[in-house]
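In what follows, a structure is listed as C-alpha cells, so that the remarks can point back to it.
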Amino acid sequence: MTLLLARHGQTVWHAENRYAGGASDPDLTDEGRAQADRLARWAVDRGVTAVVSSPQPRAVATAAPAAAALGVELAQCPELREVGFGIAEGHTLDELDPAVVAGFRADPVAHPFPGAEPPVDAAQRCVTALRAIATARPDDTVLVVAHNTLLRLGLCALLGLPVARYRQVFPRLDNVAITEIALGPDTAALLSFNVPLSAKEPT
C-alpha cells in the first residue's frame, strides 16, 4: 500500500532553526496553521481516507484539519513522536559546543547529541510504526503527519540506506510537503520525496 507522509506545519522555532524534538512542544505559527488548512484541502482532493499523526501538539494541530475535512477520526501513534535530541532540545547548533556539533555532523549515529535517543533506535521505531499503520489499514489512503528527523531516519531504514547518512541523503523535509512510499510485506519503495502541496494539486 501507499502511505502519504507529511512533516507538521511551521512552528515558532522554525525561523531560528531550533531543535524541537520529542521533549519540546513549540506552537504552530500563523503560517503553520495556514499550512495545515492547505494540507486539509489537499487531502480531500487526493482522496485520503485515514489520518494518523504523532501525538505531539504541533503534529496534531497540523493533522486535525485534514481529519475534520474528511470526516474521519484522527488516530494518534505514540511511536511517531519526534526523536529526542538530548542537550540540543530547544537550542540552535550555534548555541552548542562546537566539538559536539562537529561530531554529530560527521556521524550522528556514532556521535549523537549527549542524552539523545540513538538514531538507529528512532529509525526502527519509525519503521515499526509505519508498517503497523500499513498493516492495520490496507484498504485506506493514509496521510501520516509526523516529524522532520524521525521520518528521514525511518526512510533510510526502510530503503536500506545508511542511517548515519540521513542528513546527506535526505537533507530536510519541508513543512507539509508530501513524501509517498509504497510498502509491501517485505519491501519498501520511495515514490516521491518532499513534494510541495502546490506541485501535488490534482489536474
Side-chain angles (χ1 to χ4, degrees), residues 1-8 19-25 50-60 62-63 74-91 93 100-101 103-138 140-194:
M1 69 167 299
T2 298
L3 295 179
L4 306 168
L5 312 179
R7 180 187 179 188
H8 60 77
Y19 273 86
S24 302
D25 289 315
V51 184
V52 181
S53 85
S54 156
Q56 292 185 255
R58 58 189 181 275
V60 172
T62 302
L74 174 60
Q76 296 183 31
C77 176
E79 290 75 22
L80 290 176
R81 70 188 183 280
E82 180 60 297
V83 179
F85 292 120
I87 66 166
E89 288 277 348
H91 294 283
L93 291 180
V100 170
V101 173
F104 173 78
R105 283 176 163 161
D107 187 338
V109 170
H111 305 290
F113 295 122
E117 178 181 13
V120 171
D121 292 356
Q124 188 54 54
R125 170 163 63 82
C126 183
V127 169
T128 299
L130 294 179
R131 287 204 172 278
I133 292 166
T135 299
R137 303 171 182 273
D140 279 317
T141 299
V142 185
L143 172 64
V144 178
V145 179
H147 303 272
N148 185 33
T149 298
L150 181 77
L151 289 175
R152 290 183 293 152
L153 289 168
L155 286 171
C156 283
L158 277 170
L159 299 171
L161 301 172
V163 171
R165 290 188 52 78
Y166 81 93
R167 300 177 74 249
Q168 290 78 32
V169 177
F170 300 118
R172 68 176 287 108
L173 289 172
D174 294 320
N175 299 115
V176 303
I178 303 297
T179 295
E180 294 190 45
I181 58 172
L183 294 180
D186 299 303
T187 61
L190 181 64
L191 304 181
S192 67
F193 177 72
N194 201 34

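For clarity, every value in this text was computed on a predicted model and none was experimentally measured.
The side-chain heavy atoms of L183 and L158, taken from C-beta on, include a pair separated by under 4.5 Å. Residues R167 and F104 meet the side-chain proximity criterion, which asks for heavy atoms closer than 4.5 Å. With contacts defined as side-chain heavy-atom distances shorter than 4.5 Å, the pair L93/Y19 qualifies. No side-chain heavy atom of T62 sits under 4.5 Å from any side-chain heavy atom of S53. Using a 4.5 Å heavy-atom threshold, the side chains of R58 and E82 count as touching. Residues L80 and I133 form a side-chain contact, since some pair of their non-hydrogen atoms from C-beta on lies under 4.5 Å apart. The shortest side-chain heavy-atom distance between L5 and L130 falls under the 4.5 Å cut-off.
To the nearest 0.5 Å, atom CZ of residue R172 and atom CZ of residue R152 are 8.0 Å apart. To the nearest 0.5 Å, atom CD1 of residue I181 and atom CZ of residue F193 are 12.0 Å apart. Note that CG of L4 is 6.5 Å distant from CD1 of I178, once rounded to the nearest 0.5 Å. For the atom pair L3 CG and R137 CZ, the distance stands at 10.5 Å (nearest 0.5 Å).
When all heavy atoms of G90 and S24 are compared, the closest pair comes out as N-OG, 4.2 Å. Nearest approach of D107 to A164, heavy atoms of both residues: OD1-CB, 3.4 Å. Heavy-atom minimum distance, R7 versus N148: NE-CB, 3.4 Å. The two atoms that bring E89 and A23 nearest to each other are OE2-N, 3.6 Å, heavy atoms only. L150 and C126 make their closest contact through O-SG, 3.7 Å (heavy atoms, listed as atom of the first residue, atom of the second, distance). Nearest approach of S54 to R81, heavy atoms of both residues: OG-CA, 3.5 Å.
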Run T2 and E180 through side chain to side chain donor-acceptor pair (under 3.5 Å) and show every step you take.
CA-CA 7 Å; T2 298; E180 294 190 45; 5.2 Å; no

Could you walk me through whether L153 and R125 satisfy the side chain to side chain contact (heavy atoms under 4.5 Å, CB included) test, starting with their C-alpha distance in whole Å, then the side-chain angles of each, then the deciding distance to 0.1 Å, before giving a yes or no?
CA-CA 10 Å; L153 289 168; R125 170 163 63 82; over 6 Å; no

Taking it one step at a time, do H147 and V83 satisfy side chain to side chain contact (heavy atoms under 4.5 Å, CB included)?
CA-CA 8 Å; H147 303 272; V83 179; over 6 Å; no

Q76 and V52: side chain to side chain contact (heavy atoms under 4.5 Å, CB included), yes or no, with the steps?
CA-CA 6 Å; Q76 296 183 31; V52 181; over 6 Å; no

Run the side chain to side chain contact (heavy atoms under 4.5 Å, CB included) check on T179 and F170 step by step: do they pass?
CA-CA 11 Å; T179 295; F170 300 118; over 6 Å; no

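Between F113 and F85, the ring planes lie perpendicular to each other; the angle is over 60°, past the 30° to 60° tilted range.
In this structure, the side chain of R105 does not engage the main chain of V100 through any donor-acceptor pair within 3.5 Å.
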